[in-house]
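In each ligand, atom 1 is the first atom listed, and ligand 1 is the first ligand listed. If you're wondering where the values come from, they're calculated on a predicted model, not measured in any experiment. These values consider heavy atoms only, across backbone and side chains, with no hydrogens, waters or symmetry-generated copies.
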Amino acid sequence: MSGIVPVVVVHGGAGDVPRAKRPVHAEGCKRAAEAAREVLLETGRALDAVIEAVVRLEADPLFNAGTGACLTSDGTLELDASVMEGGGLTFGAVASLPPFAHPIRIAEAVRADGRHACYAGAGAARFATEQGFEPADPEALVTEAARERLAKVKAGRADAGWAGSTVGAVACDARGRVAAATSTGGTVGKRPGRVGDTPIAGAGTWADDDAGACSATGIGEHIMRTCLSKSACDLLRAGVPAQEAADAAIAAFGRRIEGRGGIVVVGPDGQAGLSRNTATMSWALARAGEGTEFGF
Ligand code: ASP
């Protein structure tokens with residue numbers, strides 16, 4: 001027995017979700033974390049658990065990933081996703097991917113294939129179809145809420161940019177293996193071709209069995225400049241307890257460049273933490289043999 005209690009921590013994006021909607025966002029995270037915990041206990045692999053969590057959240061139109069993803073200034077979908085496992089530091093990502101229902105599954109195919117670590121745009125779509133993924137009808141992924149948000153931004157009734165509700169997960173299995181996964185539509189009204197932190201190793205996603213795993217959310221232009229996920233994991237590597245590491249990484253991110261966002265982290269000992277400097281970040285934590293904690 002390793003003594004490590006397997007755990008999954010999920011986030012549903014840093015931002016400022018209106019008060020009335022906060023409980024439903026937290027419930028969505030709870031469902032995803034519980035489904036991921038089942039997978040974690042079935043297969044015993046942290047990697048399988050984070051993918052399951054993100055697949056569930058990509059299918060939930062409430063969140064800014066897969067179905068429900070936010071739109072570019074052209075009204076199109078350009079999806080970013082990545083996954084990393086901490087044993088071999090293997091990583092897979094897609095950036096500016098045209099509509100596919102589950103970008104995280106394609107990122108995982110990139111990781112498993114191993115030839116390259118990240119594919120973008122038309123090349124990412126080509127890789128996906130070669131791997132047997134079916135492109136999605138954009139109409140099936142674009143929600144009324146996403147259209148309304150873009151219209152508001154274009155009419156100057158909302159700030160351009162941050163959509164919130166990006167999704168991500170970290171997990172630690174009974175063998176102390178960690179993994180992280182993140183998926184997003186990016187920011188509302190982004191210029192076509194804009195790539196955020198989500199598909200960048202060390203920025204949106206990081207996992208190393210010698211340190212821990214992290215999934216980040218917030219303003220991608222801030223997160224990528226501070227390698228936020230890697231920074232949090234470096235603190236874990238130095239022996240800082242998980243919650244303190246999460247708080248310290250977010251504090252430094254805010255202090256150094258006025259970065260705005262949040263993270264979930266897990267260490268290879270199964271200790272977990274989460275932190276944000278935004279009004280909300282929905283989340284859920286599901287540990288083997290315990291009740292699920294969730295909030296926003
Ligand atoms: N980090 C994502 C991006 O900039 C957005 C978010 O987390 O809400 O693409």
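Across all their heavy atoms, L57 and A32 have their closest contact at CG-CB, 3.6 Å. Nearest heavy-atom pair across C70 and V188 is SG-N, 3.7 Å. Between E58 and I104, the shortest heavy-atom distance links the atoms OE2-N, 3.0 Å.
Within the 4.0 Å heavy-atom criterion, the part of R194 lying near ligand 1 is the side chain and not the backbone.
With hydrogens and angles left out, the side-chain atoms of S82 and T205 include a donor and acceptor closer than 3.5 Å.
Checking only distances, A216 never comes within under 3.5 Å of ligand 1, N or O to N or O. In terms of polar-atom proximity, S165 is not counted as a contact of ligand 1, lacking any N or O under 3.5 Å from an N or O of the ligand. Considering backbone and side-chain N/O of N64, none are found under 3.5 Å from N/O of ligand 1.
When each atom of ligand 1 is checked for a heavy atom of G186 under 4.0 Å away, the hits are 5 (C), 9 (O). Listed by number with element, the atoms of ligand 1 under 4.0 Å from a non-hydrogen atom of T217 are 6 (C), 7 (O), 8 (O).
In this structure, L274 is not a member of the same hydrophobic cluster as I219, with clusters built from ILVMFWY side-chain heavy atoms closer than 4.5 Å.
Within the structure, ring-ring contact (aromatic ring centres under 6.0 Å, His included) pairs that include any residue of residues 202-231 do not occur (at least two apart or interchain).
Ligand 1 lies out of reach of G13, whose nearest heavy atom is not under 4.0 Å from it.
Taking all heavy atoms of T166, T278, D80 into account, the minimum distance to atom 6 (C) of ligand 1 is reached by T166.
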